[in-house]
Amino acid sequence: MKLINVVGARPNFMKIAPIMKACKASRAIEPLLVHTGQHYDEKMSDLFFRQLGIPEPNINLGVGSASHAVQTANIIKAFEPVVLDYKPDAVLVVGDVNSTIACGLVAVKLGVKLIHVEAGLRSFDRSMPEEINRLLTDSISDFLFCTEQSGVDNLINEGIPKEKIFLVGNVMIDTLLDNKVKAKKSNILDQLNLNGDDFAALTLHRPANVDNPTVFGRILDALEVIQNDMPIIFPIHPRTRRNLKSFHLDKRFEELPNLQLIDPLGYLDFLKLMISARLVLTDSGGIQEETTILKVPCLTLRENTERPITAEIGSNQVVGTDLARITEGYKQALNSHLQHFEIPPLWDGHAAERIVDILLDKLWGNKIVETQSVTVQTSILHKA
Ligand code: UD1
């Protein structure tokens with residue numbers, strides 16, 4: 001059974017790691033790993049492969065950064081010959097980045113089955129490039145694997161046939177649970193001169209927040225207040241670093257003594273940072289889920305979330321980008337008692353195994369039966 005697994009950007013790597021493992025363990029699937037090269041820096045890509053034990057990609061398309069149109073088009077152009085050459089039974093894409101929709105389109109146009117892992121999530125905000133990628137990928141997929149019930153409900157509301165939708169849990173959480181013990185051994189707290197848990201961790205990279213100087217400045221106002229209270233550690237995304245300079249906000253950052261700006265961290269160091277933090281501030285999607293399982297309070301610096309279960313369960317507050325709402329959320333987070341919050345159903349470390357089992361049954365079930373019957377017939381012939 002030939003399957004192409006696609007990765008492109010940083011959040012894809014922790015999703016593909018358990019899927020590659022489960023494919024290999026099944027011994028029935030031959031996974032080919034294709035990296036589009038959307039992310040390429042050591043700290044945005046290679047480091048994650050090493051730390052998560054993901055095999056070297058069989059093919060790297062090396063597309064790099066560009067505008068949305070050019071990047072998507074370059075991935076499409078480079079991926080088509082790979083599919084034509086390898087002739088897979090299916091292509092599996094994860095998440096909502098440009099690599100996801102680009103490779104998905106190539107697959108379906110060549111008549112190859114498309115599998116989308118992390119299907120159905122919706123922010124209902126079409127100004128987010130990821131929302132467009134999610135809607136389009138889901139609409140052309142043959143197998144849609146969801147992390148939470150809202151994903152299933154959204155897909156059904158959009159008219160996707162029920163038979164294509166499977167609630168399997170969260171592959172990103174598979175990776176987190178698999179690496180928690182290793183992460184605890186990271187010495188990142190010493191490196192950053194942090195004692196105990198009295199600090200906040202921050203990530204920020206959404207275009208709506210960091211490509212707009214007014215919004216970016218407003219978030220900075222709130223960070224200024226919080227850093228008066230506790231240190232903030234900010235591993236900064238390349239997009240954010242570039243904009244910080246071009247909007248001349250770097251001076252303001254320098255004036256905040258308790259806001260520590262550092263290079264992007266590897267998976268294990270960042271996990272250790274989250275495990276140890278008093279709270280996390282972020283505009284990432286995946287981090288809302290990771291803090292949920294870790295029971296660390298999270299303030300989401302956006303007006304919406306495509307992962308509503310994290311807010312329903314209570315570990316996550318969606319506070320937007322206004323000074324008053326962020327600081328109010330901060331006070332509430334300090335007083336929350338998260339140990340009472342539940343873990344979303346099926347976030348148990350076995351999502352990738354469920355995905356592979358379903359694929360073996362529903363996608364390749366017929367093929368396995370065919371192969372078995374051929375074997376039986378051949379042995380009968382031999383006896384005769
Ligand atoms: C992409 C995803 C986003 C995801 C994020 C995680 C899309 C539309 N967006 O956004 O959903 O949350 O990845 O990081 O696919 N750059 C580097 N080194 C790299 C990669 C990027 O310096 O290895 C810089 C480049 O200047 C590039 C910019 O970061 O132009 C943005 O990278 P890009 O992949 O276009 O989008 P992200 O903001 O990373």
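Note: hydrogens, waters and symmetry copies are ignored here, and every other heavy atom, side chains too, is used. Both ligands and their constituent atoms are indexed starting at 1 by order of listing. Predicted, not measured: the structure shown is a model, and the values here were computed from it.
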Open item on the list: Distance alone, cut at 3.5 Å: any donor-acceptor contact between the side chains of Asp153 and Gln149?
Closed with: yes

Task: Contact with ligand 1 for His68, non-hydrogen, under 4.0 angstrom - done: yes

Open item on the list: Tell me the protein heavy atom at minimum distance from atom 27 (C) of ligand 1, and give that distance in Å.
Closed with: Ser65 OG, 3.2 Å

Open item on the list: Quick test: of every protein heavy atom, which one is nearest to atom 11 (O) of ligand 1, and how far off is it to 0.1 Å?
Closed with: Glu130 OE2, 2.5 Å

- [ ] Look at the side chain of Gln332 and the backbone N and O of Glu328, then say whether any donor-acceptor pair between them is shorter than 3.5 Å.
- [x] no

- [ ] Around atom 33 (P) of ligand 1, find the nearest protein heavy atom and jot down its residue, atom name and distance.
- [x] His39 NE2, 4.0 Å

- [ ] Would you mind listing which atoms of ligand 1 come within a distance below 4.0 Å of any non-hydrogen atom of Pro238?
- [x] 16 (N), 17 (C), 18 (N), 22 (O), 24 (C), 29 (O)

Open item on the list: For the backbone of Met14 and the side chain of Thr175, can you confirm whether one donor and one acceptor N or O come within less than 3.5 Å of each other?
Closed with: yes

TODO: Tell me which protein heavy atom sits closest to atom 19 (C) of ligand 1, plus the residue, atom name and distance to 0.1 Å.
DONE: Tyr40 CZ, 3.5 Å

Open item on the list: Judged on heavy-atom distance to atom 26 (O) of ligand 1, which of Gln38, Arg239, Arg242 sits nearest?
Closed with: Arg242

Task: Nearest protein heavy atom with distance in Å, relative to atom 8 (C) of ligand 1 - done: Asn98 OD1, 3.3 Å

TODO: Considering the heavy atoms of His205, write down every atom of ligand 1 situated less than 4.0 Å from one of them.
DONE: 4 (C), 5 (C), 6 (C), 12 (O)

Open item on the list: Checking the side chain of Lys272 only, and the main-chain atoms of Lys184 only, is there a donor and an acceptor separated by less than 3.5 Å?
Closed with: yes

Open item on the list: Can you report which non-hydrogen protein atom sits closest to atom 2 (C) of ligand 1, along with the distance?
Closed with: Val97 CG1, 3.7 Å

- [ ] Only one of His68, Gln38, Glu130 passes side chain to side chain donor-acceptor pair (under 3.5 Å) with Asn98; say which it is.
- [x] His68

Open item on the list: Grouping I, L, V, M, F, W and Y whenever their side-chain heavy atoms are under 4.5 Å apart, do Ile287 and Phe199 come out in a common cluster?
Closed with: yes

- [ ] Any pair with a residue in residues 74-86 that passes side-chain hydrogen bond (donor to acceptor under 3.5 Å, both in side chains), sequence neighbours left out, goes on the list, sorted by first then second residue, please.
- [x] Glu30-Tyr86

TODO: Starting from atom 18 (N) of ligand 1, locate the nearest protein heavy atom and write down its residue, its atom name and how far away it is, to 0.1 Å.
DONE: Asp41 OD2, 2.8 Å

Open item on the list: Taking His350's backbone N and O only, do any of them form a donor-acceptor pair with Asp174's side chain (distance below 3.5 Å, no angle check)?
Closed with: yes

- [ ] Pull out every atom of ligand 1 sitting under 4.0 Å from any heavy atom of Pro11, numbered as shown with elements.
- [x] 6 (C)

